[in-house]
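Residues take their numbers from the sequence shown, with the count starting at 1. Because the structure is a prediction, the values reported are computed rather than measured.
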Amino acid sequence: MAGTGAPPLARAEHFIWLTARVLEQRRFAHRFLDGSPDPVETALAAYGNEDGGYAHALEPDLRGPVSQPLHTAHALSVLDSIDRCDGPRVERICRYLSKVSTKEGALPALLPAQRGYPAAPFVPVVDDPPAELLATGPIVGLLHRNEVWHAWLFRATDFCWSAVDALEQSHPYEIEAAVAFLDGVPDRARAERAADRLGRLVRAQRLAVLDPARRAEYPVAPGYAPGEHHFPYDYARTPESLARRWFTDEELKRSLDHLAAEQQEDGGWPVNWRQWAPGTALEGRPLVTLRALETLRAYGRTPG
């Protein structure tokens, strides 16, 4: 057992073995213990459906057996982390995305088939959900970054460009989705111009806490949980992200210091979004912990 005096990574490992789902345990072993990617893919397969989508609470805030775009985006991020975004598995996913897209060729956050199954109250179920950058941007950016080419991507990419260009008033999760799109899309010159504009928007609307010691002075977006702030590292997950340019070295350092200090006594990181069911909080913390470790490592700050 890793006690409170153990190195941060050892404490995080203990937390993962103690609390995480098999998928997150396999992901941790792959990323931090030199484990094979094969068990990660095997664990992920349990969440897959015959239609090519994913379900079964892969994204903890959506429960039940119905495939949803948010689950499928989560699955793609797992495949990306093990360099398996290719071949028949991704072809099946793209066929699913084509099938569930709106008339614009893009993705809604939640399909109405979720009705009757538990879901977070902040993800409402509606009969005719609109296409959203929040759901579409991360998937499109990831597929482009992995050089996946599929007919679905053409209209979905056009939708994302239009949505990014139209952003004026926004909120952190939507900006993060835009960054995920811009970091992967092939037109790098256009992406840089769009990112520069979004960076100015983020600072003007105070969507990133630039000084964690004064975070109470920063607004929380409407509908977010109290204290659900976002920091520079939430936008710039790696030094290569276009969002890295939005922040000074000192601002980024303060945010990374804050992230490292957020590790709890049990070795895990806290969830700051709204908690609505006991199981979702338990499943969310290992995911947040993995993300924190990945972000710190990307900046050369892996807890030793």
Side-chain angles (χ1 to χ4, degrees), residues 21-24 26-27 30-31 36-114 117 119 123 129-161 163 173 176-186 237 287 290-291:
R21 303 180 296 190
V22 171
L23 176 58
E24 282 71 57
R26 296 299 199 183
R27 291 181 65 193
H30 169 61
R31 299 298 284 172
S36 167
D38 293 340
V40 179
E41 190 166 5
T42 299
L44 178 63
Y47 296 89
N49 281 338
E50 292 183 2
D51 61 4
Y54 288 78
H56 312 288
L58 178 57
E59 185 63 41
D61 282 328
L62 301 178
R63 321 302 286 188
V66 179
S67 296
Q68 290 287 350
L70 292 179
H71 290 308
T72 306
H74 192 134
L76 280 169
S77 72
V78 173
L79 291 171
D80 179 53
S81 73
I82 59 173
D83 296 322
R84 297 282 174 90
C85 274
D86 56 12
R89 68 176 72 78
V90 174
E91 175 67 28
R92 287 194 299 271
I93 288 173
C94 287
R95 286 200 298 269
Y96 164 77
L97 298 174
S98 299
K99 184 168 59 177
V100 301
S101 288
T102 65
K103 62 181 182 297
E104 297 91 348
L107 299 168
L110 192 65
L111 300 170
Q114 185 68 31
Y117 298 103
V123 190
E132 293 192 23
L133 178 64
L134 188 68
T136 312
I139 291 178
V140 172
L142 185 151
L143 292 176
H144 278 306
R145 184 158 45 79
N146 283 275
E147 300 182 346
V148 173
W149 289 104
H150 188 275
W152 176 77
L153 272 171
F154 290 100
R155 293 184 66 205
T157 301
D158 288 342
F159 169 85
C160 289
W161 276 126
Y173 290 121
E176 289 175 26
V179 171
F181 167 69
L182 296 173
D183 279 347
V185 73
R237 292 283 173 194
L287 289 166
L290 280 173
R291 188 169 66 182

Between the CD1 atom in Ile82 and the CZ atom in Arg26, the distance rounded to the nearest 0.5 Å is 12.0 Å
Smallest heavy-atom separation, Tyr54 atom then His71 atom, equals O-CB, 3.0 Å
CZ/Arg27: more than 12 non-hydrogen atoms of other groups inside 6.0 Å | yes
Looking only at heavy atoms, what is the nearest atom pair of Leu23 and Leu44, with distance?
-> CD1-N, 3.9 Å
Is there a side-chain contact between Thr102 and Pro108, using heavy atoms and a 4.5 Å cut-off?
-> yes
Please report the shortest heavy-atom distance between Ala109 and Gln68, naming the atom on each side.
-> O-OE1, 4.4 Å
Test side-chain contact (heavy atoms from CB on, under 4.5 Å) on Arg92 and Arg89 and set out the steps.
-> CA-CA 5 Å; Arg92 287 194 299 271; Arg89 68 176 72 78; 3.8 Å; yes
Candidate pair Arg63 and Tyr117, rule side-chain contact (heavy atoms from CB on, under 4.5 Å), full reasoning = CA-CA 6 Å; Arg63 321 302 286 188; Tyr117 298 103; 5.6 Å; no
Considering the options Phe181, Trp152, Trp149, which one meets the ring pair (Phe, Tyr, Trp, His ring centres under 6.0 Å) requirement together with His144?
-> Trp149
Taking 4.0 angstrom as the limit, do Arg145 and Asp80 come out as a salt bridge?
-> yes
Nearest heavy-atom pair of Leu134 and Ala177: which atoms, and what distance?
-> CA-CB, 3.7 Å
What pairs of residues pass the salt bridge (Lys or Arg N to Asp or Glu O under 4.0 Å) test when at least one of them lies in residues 151-161, not counting sequence neighbours?
-> none
For the residue pair Gln114 and Val123, establish whether any side-chain heavy-atom pair is separated by less than 4.5 Å.
-> no
Heavy atoms of Ala131 and Ala106 approach each other most closely as CB-CB, 3.7 Å
Would you please test Val140 and Leu153 for side-chain contact (heavy atoms from CB on, under 4.5 Å) and show each step?
-> CA-CA 7 Å; Val140 172; Leu153 272 171; 4.0 Å; yes
At their closest point, which heavy atom of His150 faces which heavy atom of Ser98, and how far apart are they?
-> CE1-OG, 3.6 Å
How far does CG of Asn146 sit from CZ of Arg84, to the nearest 0.5 angstrom?
-> 13.0 Å
What is the distance from atom CG of Leu76 to atom CD1 of Ile93, rounded to the nearest 0.5 Å?
-> 4.0 Å
Using modelled atom types only, decide if a donor and an acceptor are shared between the side chain of Asn49 and the backbone of Val66 within a distance under 3.5 Å.
-> no
What residue among Leu111, Thr72, Asp51 forms side-chain contact (heavy atoms from CB on, under 4.5 Å) with Val100?
-> Leu111
With a 4.5 Å heavy-atom cut-off, do His56 and Pro65 have their side chains touching?
-> yes
The salt bridge (charged side-chain N to carboxylate O under 4.0 Å, His left out) partners of Arg291 (sequence neighbours excluded) come to none
Give the intermediate values and the outcome of side-chain contact (heavy atoms from CB on, under 4.5 Å) for residues Cys160 and Val185.
-> CA-CA 10 Å; Cys160 289; Val185 73; over 6 Å; no
Do Arg31 and Leu290 have side-chain heavy atoms sitting under 4.5 Å apart?
-> no
